[in-house]
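Fair warning: this is a prediction, and the values are worked out from it, not measured in the lab.
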2 protein chains.
Amino acid sequence: MTVGGVKSARSRAPSRGSDGGRAADPGLGGRAGAGLRGARARAIYVSVLEAILSNRLSPMTRLPEDDLGSIYGASRTIVRSALEALAHDGVIVIEPNRGAFVASPGTAEAREVFDARLLIEPQLAARAAERVSFADIAALRRHLDAEEAAVHGERQQQAILLSGRFHVLMADAAGQVTLARFVRELVSRSSLIVALYWRRRDATCACSAHRALVEALAAGRPELAQQLMRDHLAETLDGLDLTDPRQGVSDLSAALTGG
Amino acid sequence: MTVGGVKSARSRAPSRGSDGGRAADPGLGGRAGAGLRGARARAIYVSVLEAILSNRLSPMTRLPEDDLGSIYGASRTIVRSALEALAHDGVIVIEPNRGAFVASPGTAEAREVFDARLLIEPQLAARAAERVSFADIAALRRHLDAEEAAVHGERQQQAILLSGRFHVLMADAAGQVTLARFVRELVSRSSLIVALYWRRRDATCACSAHRALVEALAAGRPELAQQLMRDHLAETLDGLDLTDPRQGVSDLSAALTGG
DNA sequence: CAAATCGAGATTGTATACAAATTGGCGCAG
DNA sequence: CTGCGCCAATTTGTATACAATCTCGATTTG
């Protein structure tokens, strides 16, 4: 192990402030998949993540590097990078020498995720009500329309995806980048939890709750927004059946190419 | 791009529950650097992280892959993986085609980090006071002793490291794995913030505050623990000077091998 | 003399080759 | 027929080679 001979530490400074001019965002909220360099790895990251978020990939589905590589036309190097980022987000699990699998959170983990959401999201909703711009409100309303359209149009997968993304948009509206990132991770994992433990027929009919939240924001009522978010999350949690184990595997190529 | 010909999706199931028997923890709290596979990448991750947490690596320091590779005797493949994990934690920043740098959070980001900590940590302290085991208390007390020893022994870097780790231990004691992970990230970034904006001479003399917290836990007083944590964080934030810019670069090989 | 340009060196991005580990089947013994 | 152990095939882990990009100094030009 050659330890000596490190001659660098030259004076090339980074572009200050840790966020000097990042590229536009490809569909997700702000700054998804931090730590990813190339655009190719990020594209795979986004694609697989959306497949998971919309329940096209079920928990415990295996994600072999070679398969993903041939699906996306990238080498394993890139796929690997994307998988590690997904693992860091908790949506997949990497078992050393065995491979990557879509995560399958247990009931304890499910409770934890919603505990965390109940702690963070109501607070963010309140702050959002204090600071939102008209542009944010407009974006949220547009999102609500798309969400309802997906629900009424029977586009189940799209509805699930948008329902989760609403919460990310709310978090972003609060202007707290750090907490918003936490919310993004929690929402992602919630998608898996819903896929495993949801028991009601009327999936994601929370559209009305979402709309009420946006109205509270538009009216500039922090306490109301906070309470509405708390209730909404509690009701979602109530719609889960956190008692018995779970199951489920789905096809890979079909799920990823069809979205 | 060859899309077809994906023949797998065979039935190799992952070891359920997403945490089936992980290895012992190398110094940090539970589950540091999720998404890292090999032990070598994790070793580099831990080493660089500790160098940053103890302020042996200053913000904006460049971290060239080749140098890290020769320091640790690993190939760039491994180093790259570790760097991406560190970037995901927000302690380093990767600029495409330019390389990795120790992060240099601005004042806005600093406020955000402490906002998030004020939201999460008091709550976790309260839960910890409800659920701690005697073993947890004992571990915390042992940690306090080490912390005070480092402070009185003038081991400045060690003191900084342990001071941050105390908060991680507290979060772990609450038994909320997810929120504890968030706290770990926030504490890491706080180390950088303290390195940049600390203005007082009596660095990390918060030992007394830490001891008071442990006593509140031992006494099983959730509200007290919550309040103590809130005050402690507020005081720490008060010790920062969040007005002007910052600077600083340090040597690389010395910082990494000297710890 | 200042400023822009070009090129050599250095550093990161990506692919591929090879090594190590795991899986699952097959054969054999009890 | 069941259970154990071994072997082949598949998959992941790691190193290295090459290409693309950036940095920075030297040279040239207005």
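- B:Gln158 is linked by a side chain to side chain contact (heavy atoms under 4.5 Å, CB included) to B:Ala150, B:Arg155, B:Leu161, B:Leu162, counting only residues two or more places apart in sequence or in another chain.
- Atoms CD (B:Glu95) and C1' (C:dT11) sit 14 Å apart, rounded to a whole Å.
- Residues satisfying the salt bridge (charged side-chain N to carboxylate O under 4.0 Å, His left out) criterion with A:Glu112, sequence neighbours excluded, are absent altogether.
- As rounded to whole Å, 15 Å separates atom P of D:dT11 from atom CZ of B:Arg37.
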Listed pairs, N/O of protein and of nucleotides 16-21 of chain D, under 3.5 Å:
residue: D:dT16; atom: O4; partner: B:Thr77; partner atom: OG1; Å: 3.4

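- Listed candidates were C:dT14, D:dT23, D:dA15. Nearest to the side chain of B:Arg98 is D:dT23.
- Partners of B:Ser188 under the side chain to side chain contact (heavy atoms under 4.5 Å, CB included) rule, at least two apart in sequence or in another chain, are B:Leu49, B:Leu53, B:Val91.
- Under the rule for a side chain to side chain contact (heavy atoms under 4.5 Å, CB included), the partners of A:Ala74 that lie at least two apart in sequence or sit in another chain are A:Arg40, A:Ile44, A:Ile78.
- A:Thr107 and A:Tyr197 share no side-chain donor-acceptor pair at under 3.5 Å.
- Of the side-chain N and O atoms in B:Arg62, none sit less than 4.0 angstrom from OP1 or OP2 of D:dC22.
- Atom CZ of A:Arg80 is separated from atom P of D:dT14 by 7 Å (rounded to the nearest Å).
- Spacing between atom CG of A:Leu36 and atom C1' of C:dG13 amounts to 13 Å, rounded to whole angstrom units.
- For B:Ala43, there are no side chain to side chain contact (heavy atoms under 4.5 Å, CB included) partners, not counting sequence neighbours.
- Under 3.5 Å, the side chains of B:Arg37 and B:Ser81 contain no donor-acceptor pair of N or O atoms.
- As a whole-Å value, the separation of B:Phe101 CZ from D:dT23 C1' is 11 Å.
- B:Asp136 is linked by a salt bridge (charged side-chain N to carboxylate O under 4.0 Å, His left out) to nothing, counting only residues two or more places apart in sequence or in another chain.
- Within 4.0 Å of B:Arg40, counting heavy atoms only, lie sugar-phosphate atoms of the nucleic acid but no base atom.
- Partners of B:Arg76 by salt bridge (charged side-chain N to carboxylate O under 4.0 Å, His left out), not counting sequence neighbours, listed by chain and number: B:Glu65.
- Nucleotides of DNA chain C nearest to A:Ile78 and A:Pro96 differ in position, and the one nearer the 5' end is that of A:Ile78.
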Please enumerate all protein N or O atoms sitting under 3.5 Å from an N or O of nucleotides 6-8 of chain D, with distances to 0.1 Å.
none

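- Atoms CG (A:Asp66) and C1' (D:dT12) sit 9 Å apart, rounded to a whole Å.
- Rounded to whole Å, atom P of D:dG13 lies 6 Å from atom CD of A:Glu65.
- Rounded to whole Å, the distance from CD1 on A:Ile44 to P on C:dT14 is 10 Å.
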